[in-house]
Number of protein chains: 2
Amino acid sequence: MSSDSSVNREIHLASRPEGWPTADNFRLVTTEVPTPGPGQLVVRNQFMSVDPYMRGRMNDVKSYMPPFALDAPLDGGAIGEVVAGEAEGVKPGDIVLHSLGWREYALVDARAVRKVDPGIAPVSAYLSALGMTGLTAYAGLLDVAAMKPGETVFVSGAAGAVGSMVGQIAKLRGAGRVIGSAGSPAKVERLLALGFDAAFDYHEGPVYQQLKAAAPDGVDVYFDNVGSDHLEAAIGAMNLHGRVAICGMIAQYNSAEPPAAPRNLALVIGKRLTLRGFLVGDHGHLRDQFVQEMAGWLREGRLSYDETVVDGIEAAPEAFLGLMRGENLGKMLVRL
Amino acid sequence: MSSDSSVNREIHLASRPEGWPTADNFRLVTTEVPTPGPGQLVVRNQFMSVDPYMRGRMNDVKSYMPPFALDAPLDGGAIGEVVAGEAEGVKPGDIVLHSLGWREYALVDARAVRKVDPGIAPVSAYLSALGMTGLTAYAGLLDVAAMKPGETVFVSGAAGAVGSMVGQIAKLRGAGRVIGSAGSPAKVERLLALGFDAAFDYHEGPVYQQLKAAAPDGVDVYFDNVGSDHLEAAIGAMNLHGRVAICGMIAQYNSAEPPAAPRNLALVIGKRLTLRGFLVGDHGHLRDQFVQEMAGWLREGRLSYDETVVDGIEAAPEAFLGLMRGENLGKMLVRL
C-alpha cells in the first residue's frame with residue numbers, strides 16, 4: 001500500500017501479450033490521487049479482482065468488451081472505501097463495488113458504483129462468493145444450464161473461483177452427483193473437502209477416461225471453464241438432453257494458434273445437447289435471489305469460498321500471471 | 001416395380017461402408033410377399049425415402065437409433081397402400097405412412113402406421129413437405145432456434161429436402177433476410193426462385209467470406225445441415241444471442257477421420273450463442289399445428305417442394321449414394 005496518501009499507483013498495459021503474458025506486458029505508474037468533480041467519488045481500493053476474461057481484453061480484438069488500451073490503466077472489479085465526494089446517496093466511509101481496479105485510488109461516477117453492507121460478509125466476498133464470481137456460477141448453473149435436482153454435474157476449473165461455487169451450489173440445490181476437474185492433487189483434495197462427490201487431476205490421464213470413471217451414469221450438466229479437451233470429453237460423456245453452460249475456455253486464451261475444437265460435436269444431434277455461451281451481465285435479474293440464497297448458505301456455514309490473496313498493487317501483474325498458470329485456489333485477489 | 005405380385009424385393013446391407021459408401025455395400029434380395037398375422041398389415045410401398053441420417057446407421061456404432069443389421073433389410077420412411085390385413089381402424093385401400101422402407105412390400109404392426117389423406121396432397125408429399133422432412137425444418141427453425149420475425153436466417157444444404165423448407169418457412173413466418181448455401185450454380189438459382197434473399201455456392205470461395213457478403217448485418221439463426229466449415233463460418237457471422245439449430249453435419253458423415261470442428265467456438269461466450277442439436281422425434285407435439293400451417297401454404301401456392309425421384313427398388317442404393325453426393329434437388333425419393 002502506498003504510504004504517501006497523495007500518491008496513487010496504478011498498473012498500465014505496456015504491451016500486448018502474444019501467447020502467454022509476461023511481467024513485461026505491465027508497467028507500474030505513479031500518479032496523483034484524483035479529486036472528485038460533481039457526481040464523482042474517489043474510492044480507496046481495498047481489494048481488486050484478477051479474472052481470466054481479462055486476458056482476452058489484452059488482445060487488440062473487438063469482443064464483447066473493448067480491448068484494454070496501451071499505456072493506460074487496466075480495469076476490472078474492485079471494492080473499497082469512499083474517501084472523497086458525495087453523490088447519489090453515497091458518501092465518504094461507504095464501501096462500494098465498482099469496475100476500476102488495477103489502481104490504488106479510483107475516480108468513479110457515483111452512478112456506476114454499488115454500495116455494499118460490510119456487516120454481511122468480509123468485503124472481499126463481494127468480489128468472490130457474493131459478487132460477479134458467485135453470480136456467474138449461480139446463473140450459469142441454474143439459469144443457463146437449468147440444473148434440476150438429481151442430475152449429475154461436471155465442472156472444469158473446479159478449484160477456481162467460479163468452479164468451486166458451481167460445485168457447491170449444485171450440491172446445495174440437490175444435484176445427484178457433482179464432479180470436478182482441477183490441475184493439481186492439492187486442488188483435487190480441496191474439492192472433495194468442499195463436498196464434490198468426485199474430482200480428478202486432468203494431468204493424470206485423458207480427461208474423457210477420468211470423467212467416464214467418475215460419472216459412470218453420464219453427465220447431465222457441464223459447466224465449462226476450460227474448453228478444448230474438457231469440452232470434447234464432456235460432450236462424449238453427456239446424457240440425452242444434456243446442457244453445457246460455456247463460461248470460459250481458459251485452455252485457449254494464451255494459445256497463439258486456433259485451438260483444438262471438439263471433434264465429436266456431431267454428437268449434439270443424437271443426444272439433443274444444448275451448448276450455450278453466457279456472460280453474467282445478462283443475468284442481473286437473478287441478483288436479489290442470488291444474494292439472499294448465497295448469504296443464507298454462508299451464514300449457515302454450508303458454503304465455503306477460497307481466496308488466494310496477494311498484497312500490494314505492484315504484485316497485481318504477478319497475481320494475474322499466477323491465475324493464468326492456475327496457481328490460485330478459489331478467487332485470486334489483490335489486497336491494496 | 002415387381003411384376004409378379006407374389007414376389008417381394010428388398011435391399012439388404014451387405015457390408016458396412018468405410019468412408020464413402022458404394023454400391024457394393026448393398027444387396028438386392030428377392031423374398032416372398034408376407035402374410036399378415038393378427039394386428040398386422042401388409043403395405044405395398046409406393047414411395048420410400050432416403051435420408052442423410054441413414055449413413056450413420058450403416059456404421060456399427062450405438063447412437064440414437066440402432067445400427068442397421070448386416071444381411072437384413074434396411075429401413076426408413078415409406079408410404080403405400082394397405083393390401084392385406086385390417087386392424088386399428090386401418091383396412092386395405094388405405095394409404096399409410098410407416099418406417100419399413102427399402103422393400104416393395106412391408107409387414108407392419110397396425111399400431112405403428114399413420115393413415116394419411118391422399119386428397120390433401122400427392123402421397124409423396126407425406127415423405128417431404130408434409131412429413132418428417134417438413135416437420136424437421138419447421139421444428140428446428142421455430143421451436144429449437146425460436147426464429148422471430150425480422151431476423152436473418154442462414155441455412156446450409158439449402159437446396160436439400162429440409163433446407164429448402166427451412167428457407168421458405170422462414171420467409172413465410174416473417175424472417176427479415178434468408179440466406180442459403182448449396183453445392184451448385186443450378187441449386188443457387190433454384191433457391192433464389194424459391195424466395196431466398198441470397199444464396200451462394202460453397203465451392204466458389206470460403207464459406208465465411210461468402211456468408212459475410214450475403215449477411216452484412218450478421219446472422220441471428222443458423223440452421224445447420226452441414227457442420228464443419230459452415231458451422232465455423234456461421235459462428236463467426238452470428239449476432240449477439242444468435243441460435244444454431246443443429247440438424248445434421250453431412251460434411252463429416254463419410255469422413256473416416258475426426259472432422260474439422262469450429263476453431264472459433266469460444267465466440268459463443270461473448271456472443272451468448274446457443275447451439276442445440278435436435279431430432280424431429282422430440283417435436284411431435286407440433287405436428288397438428290405444422291400440418292395445418294403447411295397444408296395452408298401449399299393450398300395457397302406459397303410453398304414449393306422439390307422432389308428428385310428415381311424408379312424401382314433396385315435403384316434405391318444409387319438414390320442414397322446420389323443423396324450423399326448432393327445430386328438431389330429437394331427430397332430424394334424412390335418410387336416403387
Using non-hydrogen atoms only, which part of L231(B) is less than 4.5 Å away from chain A: side chain, backbone, both, or neither? side chain
Contacting region of L273(B) [heavy-atom separation from chain A under 4.5 Å]: backbone
At a 4.5 Å cut-off on heavy atoms, which part of L267(A) comes close to chain B: side chain, backbone, both, or neither? neither
Non-hydrogen atoms of chain B under 4.5 Å away: do they reach the side chain of L265(A), the backbone, both or neither? both
Find out whether L275(A) and V268(B) are in side-chain contact, i.e. whether some heavy atom of one side chain is under 4.5 Å from a heavy atom of the other. no
Options L240(A), T274(A), N264(A), ranked by heavy-atom pairs under 4.5 Å with chain B, top entry: T274(A)
State whether the number of non-hydrogen atoms from other residues, nucleotides or ligands found under 6.0 Å of M332(B) atom CE is greater than 12. yes
In terms of heavy-atom contacts, does CE of M132(B) have more than 12 from other residues, nucleotides or ligands at under 6.0 Å? no
Which residues, numbered in order, of residues 276-288 of chain B come under 4.5 angstrom of chain A by heavy-atom distance? R276(B), G277(B), F278(B), L279(B), D282(B)
